[in-house]
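The basis for the numbers below is simple: all heavy atoms, side chains too, and nothing from hydrogens, waters or symmetry mates. First listed ligand is number 1; within each ligand, the first listed atom is number 1.
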Amino acid sequence: MRIILRIFLVPFLLWSLVSRAEDMIKIGVILSMTGGTAAFGEVTWTGMRIGRSIRPNVLGKEVELILVDDKSDKIESANAAQRLIQKEKVIGILGDVASSNSLAIAPIAEENHIPHISPASTNPIVTLNRKYVFRACFIDPFQGEVMAKFAYNDLGAKKAAVLMDIGQDYSVGLSNAFQKTFTKLGGKVISRVNYLSGDQDFTAQLTAIKETNPDVIAIPGYYTEIALIAKQARELGIKTTLISGDGAEAPELTEIGGKAVEGLYYTTHFDEKAISTPLGKKYVEIFRKKYNHAPDALGALGADAYLIMLDAIERAGSTDPEKIRDEIEKTKDFQGVTGVIFIDSNHNAVKNVVIRQVKGKESVYVSSVNP
Ligand code: PHE
């Protein structure tokens, strides 16, 4: 049996068992397999491989996925894109998850006219005014709006505190989107404090927040910091409901956060209780059989990014990156894993936001919101 997945582990150490590379369609994958958001890469890669197991061929050729680990570092993301395009001659790129990393890949894809699909980066600027860059997910103005409406209408919160990670474009954008809608609804953001990914101690920020006595604390960041913030908040006696965005979704949230994250609400992209397509069903079946637990949103988006690329290659009838780009742009009514996908004029996928809540070690489905 031939193995068609090549993985570069840093610094581009080739873990390769590939021989007939010329007959294959090469697609580059850039993910954070190590570093601060390693959980994102791991689960996305799992989903992409499931996507590939569902559809391993296109135009009569086998697809080779070439994975490069960017170590959760945007400079590495840019280097990975250069390498995949110049050396590996990939015809398309999938990745990354964290918006700051995708923002580093996008200009390189653009310059080289190579189609790039991010599975999960939700910051609007990733695709903005770019011809070759797309995403398989919704964007943060919508996600932030859903978070704010949920906090105001469903939780009855009138005063919110926001903790923003100033090191991540995602967190800055989502915090602003949350605040915009929350304020428009009549709520008030009574404290807004900053932190930086990698920080360990949040007591100063949390002490300031505690004094303002908010009804809800929004933490639009990534899982490690959310978990640590939750723990330290509970230690300081803050019992306030916590709400986050998709960046909360990783097994590490409950592994690090334990009881402190119990009850936390977060917005995300997928839940097996809200499946609307045959491909979604099939994906869940494969996932559950293999891993014996509920599938996560990132894996599902990874599969979708891959399958959108393959669908476009097939419609293009060619491996010419220009033609593939044109077809990705025309994607509509694509029956994906996460739902029916329509790529809009800004290259974003128009899709539902799912709200989930942490219960024990897992999260449970709360509701879905249409665009
Ligand atoms: N939306 C996040 C970002 O843009 C990435 C993410 C998506 C993380 C889905 C977890 C789940 O940075």
Side-chain angles (χ1 to χ4, degrees), residues 30-33 35-48 70 72-74 77 94-106 116-128 133-147 164-178 197 218-227 243-254 256 261 264-271 294-305 336-339 346-349 351-356 358 363:
I30 304 171
L31 291 170
S32 303
M33 306 303 288
T37 55
F40 290 161
E42 206 177 298
V43 293
T44 309
W45 182 232
T46 296
M48 262 182 208
D70 66 17
S72 308
D73 175 343
K74 58 188 173 193
S77 314
L94 306 173
D96 190 355
V97 172
S99 287
S100 296
N101 299 344
S102 294
L103 280 163
I105 299 166
H116 165 205
I117 307 177
S118 165
S121 292
T122 45
N123 186 290
I125 301 167
V126 173
T127 60
L128 198 68
V133 186
F134 301 86
R135 75 182 100 219
C137 56
F138 53 67
I139 55 172
D140 288 330
F142 177 44
Q143 176 167 217
E145 183 188 312
V146 172
M147 270 175 80
M164 179 171 83
D165 181 347
I166 48 168
Q168 297 290 346
D169 295 288
Y170 159 73
S171 186
V172 174
L174 188 55
S175 298
N176 290 339
F178 172 83
S197 351
I219 318 168
Y222 293 141
Y223 58 93
T224 306
E225 288 81 13
I226 297 171
I243 184 166
S244 296
D246 52 0
E249 214 198 79
E252 282 79 351
L253 180 76
T254 50
I256 303 169
V261 292
L264 176 143
Y265 292 97
Y266 65 91
T267 46
T268 186
H269 307 257
F270 176 76
D271 191 289
D296 55 276
L298 270 177
L301 287 172
D304 271 345
V337 172
T338 55
N346 293 317
H347 296 183
N348 308 318
K351 285 155 82 194
N352 287 355
V353 169
V354 169
I355 300 169
R356 302 180 85 189
V358 177
S363 299

Check: Tyr222 side chain, Gly36 main-chain N or O, donor-acceptor pair, under 3.5 Å: no
Partners passing salt bridge (Lys or Arg N to Asp or Glu O under 4.0 Å) against Glu145 (at least two apart in sequence or in another chain): Lys149
Mutual orientation of the aromatic rings belonging to Phe138 and His269 [parallel < 30°, tilted 30-60°, perpendicular > 60°]: parallel
Residue list, side-chain hydrogen bond (donor to acceptor under 3.5 Å, both in side chains) with Ser77, at least two apart or on another chain: Asp70
Straight-line distance of Leu103 CG to Ser121 OG, nearest 0.5 Å: 7.0 Å
Ligand 1: protein residues within heavy-atom distance under 4.0 Å: Phe40, Val97, Ala98, Ser99, Ala120, Ser121, Thr122, Tyr170, Tyr222, Asp246, Gly247, His269, Leu298
Partners passing salt bridge (Lys or Arg N to Asp or Glu O under 4.0 Å) against Glu249 (at least two apart in sequence or in another chain): Arg356
